[in-house]
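Before any comments, here is the structure.
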Amino acid sequence: MPPFGSGLLVLTAPLAALPRRAAAALAAAAGVVAGPLYVHLQPGLVLSGPAPLPAAPPACPALLRALAALYAAAAAQRGLELRVLLSPGRRLARPPRVLMADAPGPPGPVERGLRHLAAAAYGCPPGLPALLLPGAEDGGAGGPEDDPDPEAALPGFSDVVVGGTFDRLHGAHRLLLSACCLLARQRLLAGVADGDLLRHKVLPELIEPYELRAARLREFLEDTKPSLRYDIVPLTDPYGPSVTDPDLQCLVVSEETRRGGEAVNKKRLENGLPELSLYEILLVKDPEHSQNEEEKISSSSLRQRLLGTLLRPPQHNPALPSRPYVVGLTGGTGSGKTSIAKLLGHLGAFLIDADRLGHTAYIPGGPAHEQVVAAFGAEILNEDGTINRTVLGAKVFGNQERLKSLTDIVWPEIARMVKEQLEEASAQGKAVCVLDAAVLLEAGWQDMVHEVWTAVIPEEEAVKRIVARDGLNEEAARSRVQSQMSNSQRVERSHVVLCTLWEPDVTRKQVEKAWGLLQERLSQERSL
């Protein structure tokens, strides 16, 4: 773990030289800083001379290229949160705990200049540690060939607008927002997608709440360029205020959202407003994208990487024995939960199938048979005395009172049988049990498990699977899906999330990752 929680890195090389120096500088800084790394760009600054004065970097195309290189280099350093500052003069949201520089000169004078600059620009206390990155003595202002075109400048607009999901701010977001800050002179209006606009995103259940996304967006923007006014609003349709605000002059887009920008201008003309200038930035490539992820840095790829990881720490339950460690696996119909359970079984888990135990509870002589017949009548019986689950299901479907009467009979009996199987697993010395239960949360069985794992799948895919598997028509399949607890409701109460939307090999890798991380957690607990 790097020793410092946050840091400020001062880069003095010419902007045109930064693309080829960015990777090495950020790799070195990543070994020092665990949290946010702020970067102050001031080309040609001599830290070892008289007390250096802070200045903003010139708003030119070379600066955008430097920003793109820095944020792309940061993507290769997993976990490094980079914020390139475009205007000094404000105390930073998370004050730096260490100062660093990639600048030439004698170490002593450079360190003193670094502290002076940090204090003057961002109000940093004078006693912060100051470090020179390896190879800094070989840097410098560079030759004339490194200087950007002095005549080049970015256009300026009083009011700029941008829109996006802004889930888990990443390098591509930061580049997009930085471009907005450079173009805006007075105000940046940022629309943050919410509501129905999120429905068709990849893994929408893992998108952060609007309030959190908006707060993180504001913190980044106010750190980056504090002189601007920031209006952050929810977007519940593709246009938002971009088609009604007469003060807006420019919309910042990426390669993939330009068509959306053109649609905005069409709407503005229909509303009697002038078109917006469309300023397009390039997408940032993801150097570590996997086979089923996008080539560009994207929130959807980041959400996919959360699959199989521990999203929140489990609460210790003193009533549960530490061994066997019980994972409750749940998910809606068609989610692929059963295939995940089988993979966990192959990895060594002791499997308890709650649905199979439910069938056992219903059979003649089973613990729930007589009570169910007494409650719902002999008409639910087949000729051989077994309960006709289809007839019983028709009696309770859509009737919450009857459904509760049934579950009040059956769920406690299944829970009792689950506990018997857990005792059997303990007697066999099993380390991990997986309770495969579609109604784990509805039945309150999370009290029997140490962690809740949930399988999610988009509704449309679940409907297709149910139609193919059970022979239902689409309407009946959709009704079945919508009668259950939603993916979002399950995810809110889960510790690990898995998804079987992609090829079986992708699911297998997710499960292996989840299993491996679980083994690490159990090993750490045993060592305490």
Side-chain angles (χ1 to χ4, degrees), residues 1-58 62-63 66-67 69-70 73-74 77 79-148 223-224 226:
M1 186 73 175
F4 296 99
S6 57
L8 174 66
L9 170 62
V10 176
L11 299 177
T12 61
L15 293 177
L18 278 179
R20 65 175 181 269
R21 301 186 186 188
L26 294 190
V32 177
V33 175
L37 174 65
Y38 294 103
V39 173
H40 174 92
L41 299 178
Q42 195 162 341
L45 177 68
V46 179
L47 286 172
S48 59
L53 297 176
L63 176 57
L67 291 171
L70 286 164
Q77 304 296 326
L80 180 63
E81 182 190 343
L82 187 69
R83 299 186 185 187
V84 183
L85 306 171
L86 302 176
S87 177
R90 177 184 185 270
R91 290 183 180 272
L92 301 171
R94 286 181 267 177
R97 303 302 180 190
V98 63
L99 308 177
M100 293 168 284
D102 180 13
V110 170
E111 291 166 4
R112 285 193 296 273
L114 183 55
R115 291 190 180 98
H116 187 281
L117 178 73
Y122 307 108
C124 296
L128 290 180
L131 309 174
L132 297 187
L133 297 183
E137 64 275 6
D138 299 326
E145 70 279 3
D146 287 328
D147 292 334
D223 268 348
T224 300

Exercise. How close do L47 and P52 get, heavy atom to heavy atom, and via which atoms?
Worked result: CD2-CG, 4.1 Å
Seminar exercise, completed: Which of V39, V33, L41 passes side chain to side chain contact (heavy atoms under 4.5 Å, CB included) with L9? Answer is V39
Exercise. What heavy-atom pair brings A73 and L26 nearest, and what distance separates the two atoms?
Worked result: CB-CD1, 3.8 Å
Problem set entry | Short side-chain to backbone donor-acceptor contact, Y122 and P95, under 3.5 Å | no
Seminar exercise, completed: Between the CG atom in L37 and the CZ atom in R94, the distance rounded to the nearest 0.5 Å is 12.0 Å
Exercise. So, does D102 use its side chain to make a donor-acceptor pair with the main chain of L133 at under 3.5 Å?
Worked result: no
Exercise. Does R97 use its side chain to pair, donor to acceptor, with the backbone of F4 at less than 3.5 Å?
Worked result: no
For this session: With rounding to the nearest 0.5 Å, note down the distance linking NE2 in H40 to OG in S87.
Result: 10.0 Å
Seminar exercise, completed: In terms of heavy-atom contacts, A34 and P2 come closest through N-CB, 3.7 Å
Exercise. Is there a donor-acceptor pair under 3.5 Å between the side chain of Q42 and the backbone N or O of L53?
Worked result: yes
Seminar exercise, completed: Rounding to 0.5 Å, atoms CG (L131) and CG (L99) come to a distance of 8.0 Å
For this session: Check G35 against L80 and note the closest heavy-atom contact, atom names and distance.
Result: O-CD1, 4.4 Å
Problem set entry | Heavy-atom pair of closest approach, residues P106 and S48 | CD-CB, 4.0 Å
Exercise. CG of L8 to CG of L117: how many Å apart, nearest 0.5 Å?
Worked result: 7.5 Å
Problem set entry | Exam field: side chain R115 to backbone L128, donor-acceptor pair closer than 3.5 Å | yes
